Each structure stands twice: as C-alpha cells, then as structure tokens.
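Everything below concerns the one structure shown next.
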Amino acid sequence: VSEEPSVARQALTWVRNGSNKARGTRLFLKALCVLFKTQSESRGHCAESQAGILNLGGPEEGRNTESSGRLAPVFVYGTLKTGQPNHRVLLDGAHGRAAFRGRAHTLEPYPLVIAGEHNIPRLLNLPGRGHRVFGEVYEVDERMLRFLDEFESCPDMYQRTRLHVALEGVRGPLECFVYTTATYPPEWVHLPYLDDYDSQGKHGLRYNPRENR
C-alpha cells in the first residue's frame with residue numbers, strides 16, 4: 001500500500017509526457033483504486049468511538065458508554081509514554097479518563113521509526129518486521145478514545161488498529177488499540193528501527209512539539 005502513491009506519480013508522468021500513455025492510465029487508475037480502498041478501510045478504525053462503541057471483545061462485551069464505566073486498553077509507544085513530550089494529554093481529565101495498566105511490549109516485531117520533518121515516532125503496520133516494541137498500556141473511556149482519535153489525526157495520519165501485547169505481571173496476551181501508520185513513503189521502511197522510543201535518545205532526532213510548528 002505504501003508504494004501506491006509513487007506508482008501513481010510514475011503513471012501520471014507517463015500520461016503527461018505521452019509515453020506509454022495507455023499503460024500509464026491503467027496503472028494510475030489502479031493505484032487510485034487501491035489508495036481509496038485503503039483510506040476507506042482505515043476510516044472504519046476510528047468510526048467505532050464515534051458510534052459509541054469500544055469493541056475489543058464480542059458484540060456485547062465491547063459496548064461502552066461513559067455512563068457504563070467500561071474501558072478499553074490502548075498501547076502507546078511514542079510521545080504519549082511517561083516522560084515523553086505529549087504524555088500530559090493522558091493526564092488531563094478534560095479529555096476523559098486514562099488509567100495506567102503497566103509496561104508492555106508487542107508480541108510481534110514491528111518497525112518503529114522516527115520520520116518526517118518533525119521527527120515523529122511511527123509504528124509502521126508491518127508485523128513481523130523490526131523489533132518487539134516496548135510501551136505502556138492505558139485503559140481509556142470513550143471520551144478519551146475520541147480525543148486520541150482527533151489528537152492522532154486518525155485516520156489521515158495514523159490509523160487505529162489492534163495488536164496483542166505482553167503486559168507486565170499479566171499472563172497471556174492482551175489485545176489493545178494502537179495508532180499505527182499504514183500509508184507512508186517507501187523510504188521509511190529503510191529507516192533505523194527502534195524498540196523503545198525516547199525523544200531524548202541517542203538517535204539525536206528531537207521531537208518537534210506541535211506548539212513550535
């Protein structure tokens with residue numbers, strides 16, 4: 001999926017230059033179809049909270065309203081972690097409730113990279129590649145989940161997906177929501193992979209806070 005935008009650009013170049021025009025048109029239309037399908041599917045990941053549902057279990061198990069008090073686990077791996085630049089938003093009761101469950105790591109490896117002009121940590125949605133990523137699990141209510149969807153610009157910048165983590169002190173895997181990146185420039189796959197993000201780490205890529213942009 002991440003390579004479709006570059007394919008579309010190449011195809012559009014062929015069409016404009018008049019070389020391989022027929023092939024370029026076919027490739028361009030195919031790339032657009034895949035891109036629109038990806039965006040449509042990713043938007044569904046954020047629709048659950050807007051519909052008033054925190055669904056990590058069965059149909060009834062996942063139902064949640066603020067009055068019911070049910071919470072959903074969210075795995076954070078970047079600037080939302082304790083001691084990181086955006087952790088404060090999880091502590092602000094105006095956004096909803098977020099209760100710390102503990103440290104955790106993904107069961108599968110994922111590529112965790114620092115990318116873009118603002119040095120933002122991104123968990124690329126490529127399970128099986130990279131490292132097991134360390135982070136924290138918070139149980140959040142529907143109000144906080146809605147806030148996090150907006151804060152993470154879901155689904156345009158991140159997509160809210162699911163993965164399994166090993167939570168310290170808990171037997172068996174725990175399924176959590178997580179904000180991953182499914183569409184990205186192909187070169188991001190070749191960036192250095194981290195296993196435990198720290199904005200002040202040896203990588204030297206300091207996160208640029210939103211208020212400074």
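Count residues from 1 along the sequence. These numbers were taken from a predicted model, which means no experiment stands behind them.
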Tyr207 side chain to Asn86 side chain, donor-acceptor N/O pair below 3.5 angstrom: yes
Quiz question: by atom type and distance under 3.5 Å, do the side chains of Glu136 and Thr82 form a donor-acceptor pair? yes
Given Val178, which of Val76, Leu123, Val74 fulfils the side-chain contact (heavy atoms from CB on, under 4.5 Å) condition? Leu123
Side-chain donor-acceptor pair under 3.5 Å between His118 and Asn208, yes or no? yes
Does Gln159 use its side chain to pair, donor to acceptor, with the backbone of Pro155 at less than 3.5 Å? yes
Tell me which pairs pass side-chain hydrogen bond (donor to acceptor under 3.5 Å, both in side chains) where either residue lies in residues 164-173, with sequence neighbours left out. none
Indicate the atoms forming the closest heavy-atom contact of Arg160 with Cys154, along with that distance. N-SG, 3.6 Å
Quick one: sort the Tyr193 and His131 rings into parallel, tilted or perpendicular, breaks at 30° and 60°. perpendicular
Test item: Arg206 side-chain N/O and Gly201 main-chain N/O as donor-acceptor pair under 3.5 Å: yes
Less than 3.5 Å apart, any donor N or O on the side chain of Gln84 or Ser199 sitting next to an acceptor on the other? yes
Applying salt bridge (Lys or Arg N to Asp or Glu O under 4.0 Å), can you list everything that pairs with Glu211, at least two apart in sequence or on another chain? Arg88
Establish, for the pair Arg122 and Tyr158, whether the NZ or CZ atom is under 6.0 angstrom from the six-membered ring centre and no further than 45 degrees off its axis. yes
Within 45 degrees of the ring normal and closer than 6.0 Å to the centroid, is that where the cationic atom of Arg210 sits relative to Phe151? yes
Check this for me, if you would: do Glu150 and Arg146 make a salt bridge, where the nitrogen-to-carboxylate-oxygen distance has to be below 4.0 angstrom? no
Return the minimal non-hydrogen interatomic distance between His87 and Leu80, and the atom names on each side. ND1-O, 2.9 Å
Using a 3.5 Å cut-off and no angle test, enumerate the donor-acceptor pairs between side-chain atoms of residues 98-106 and protein atoms at least two apart in sequence or in another chain.
residue : atom : partner : partner atom : Å
Arg101  : NH1  : Glu139  : OE2          : 2.8
Arg103  : NH2  : Asp196  : OD2          : 3.2
Thr106  : OG1  : Glu108  : O            : 2.6
Thr106  : OG1  : Val133  : N            : 2.9

Is the closest side-chain donor-acceptor distance between Tyr110 and Arg132 under 3.5 Å? no
